[in-house]
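Okay, so here's the structure we're looking at.
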Amino acid sequence: MHIFAQKTAETCTNVQYYGFIVNLSKIGIEEIATRISGTCTVTRHDCLAVLSALQEQIIYALQEGKRVHLGDIGSFRTVANGLGSDTAEKYDPAYITKLRVCFTPNTKLKKAMSLDNKAFTLERVDFLPEEEDSEEEGDI
């Protein structure tokens, strides 16, 4: 977790400090396939093939206007942002300016990421500002 300062809305002079999650690393489809193959009899290459196909099928389903449910993980759906119209008759799909994909976690994932879950921990990570070059350090 990293700490950042934000001015409060009332006066814009008071400062409050908040924490936010810093993802220090990431995991890709290759590593996920390796982990899955280590827990079952399916090979890493088979896992990778299935995960790659899953990615494609999620995209195709969303493009078809479907909501995609992935069991205990959650679901994906497409939502639109755009301009309004005075009447329903005047509305045109060209008024849509942006499409987004929204993810809604399922109950099992929500519980796994809950602060009540002892397996999930938060810790403070302080980032130091980058040091500036200095002549005192031997620079000429």
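All residue numbers in this chain count up from 1 along the given sequence. Values reported hereafter were calculated over all heavy atoms of this structure, with side chains retained and with hydrogens, waters and symmetry mates removed.
Contacts of Ala61 classified as side-chain contact (heavy atoms from CB on, under 4.5 Å), with partners at least two apart in sequence or in another chain: Lys66, Val68. Every residue two or more places apart in sequence or in another chain that forms a side chain to side chain donor-acceptor pair (under 3.5 Å) with Ser75 is listed here: Arg67. Not a single ring pair (Phe, Tyr, Trp, His ring centres under 6.0 Å) links Tyr60 to another residue, sequence neighbours left out. Listed by chain and residue number, Arg77 satisfy the side chain to side chain donor-acceptor pair (under 3.5 Å) test with Thr104 (two or more places apart in sequence, or in another chain). Lys108 is linked by a salt bridge (charged side-chain N to carboxylate O under 4.0 Å, His left out) to Asp72, counting only residues two or more places apart in sequence or in another chain.
Residues Ile36 and Val50 fail the side-chain proximity criterion, which asks for heavy atoms closer than 4.5 Å. Taking 4.5 Å as the limit, every side-chain heavy atom of Ser37 sits out of range of all side-chain heavy atoms of Val42. Within the 4.5 Å cutoff, side-chain heavy atoms of Leu70 are placed close to those of Leu54.
Open room surrounds CD1 on Ile73; 12 or fewer heavy atoms of other groups in view lie less than 6.0 Å from it.
In the hydrophobic cluster analysis, where Ile, Leu, Val, Met, Phe, Trp and Tyr join through side-chain heavy atoms closer than 4.5 angstrom, Ile27 is grouped together with Leu51.
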task = Could you walk me through whether Ile21 and Leu122 pass the side chain to side chain contact (heavy atoms under 4.5 Å, CB included) test, one step at a time?
result = CA-CA 9 Å; Ile21 302 296; Leu122 296 173; 3.6 Å; yes
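Scanning both residues, Leu109 and Pro105, for their nearest heavy atoms gives CD2-CB, 3.7 Å. Minimum heavy-atom separation, Gly82 to Thr97: CA-OG1, 3.5 Å.
In this structure a side-chain-to-backbone donor-acceptor pair under 3.5 Å is present from Ser52 to Leu48. At least one donor-acceptor pair closer than 3.5 Å links the side chain of Asn117 to the backbone N or O of Ala119.
The salt bridge (charged side-chain N to carboxylate O under 4.0 Å, His left out) contacts involving residues 17-28 comprise nothing, where partners must be two or more places apart or lie in separate chains. For residues 81-106, no pair satisfies salt bridge (charged side-chain N to carboxylate O under 4.0 Å, His left out), with sequence neighbours left out. For residues 35-46, every residue pair satisfying the salt bridge (charged side-chain N to carboxylate O under 4.0 Å, His left out) rule, not counting sequence neighbours, is listed here: Glu30-Arg44, Glu31-Arg35.
The hydrophobic cluster containing Tyr91, built from Ile/Leu/Val/Met/Phe/Trp/Tyr side-chain heavy atoms closer than 4.5 Å, also comprises Leu83, Tyr95, Ile96, Leu99.
Put simply, CD1 on Ile58 and CD on Gln63 are 12.0 Å apart, with the number rounded to the nearest 0.5 Å.
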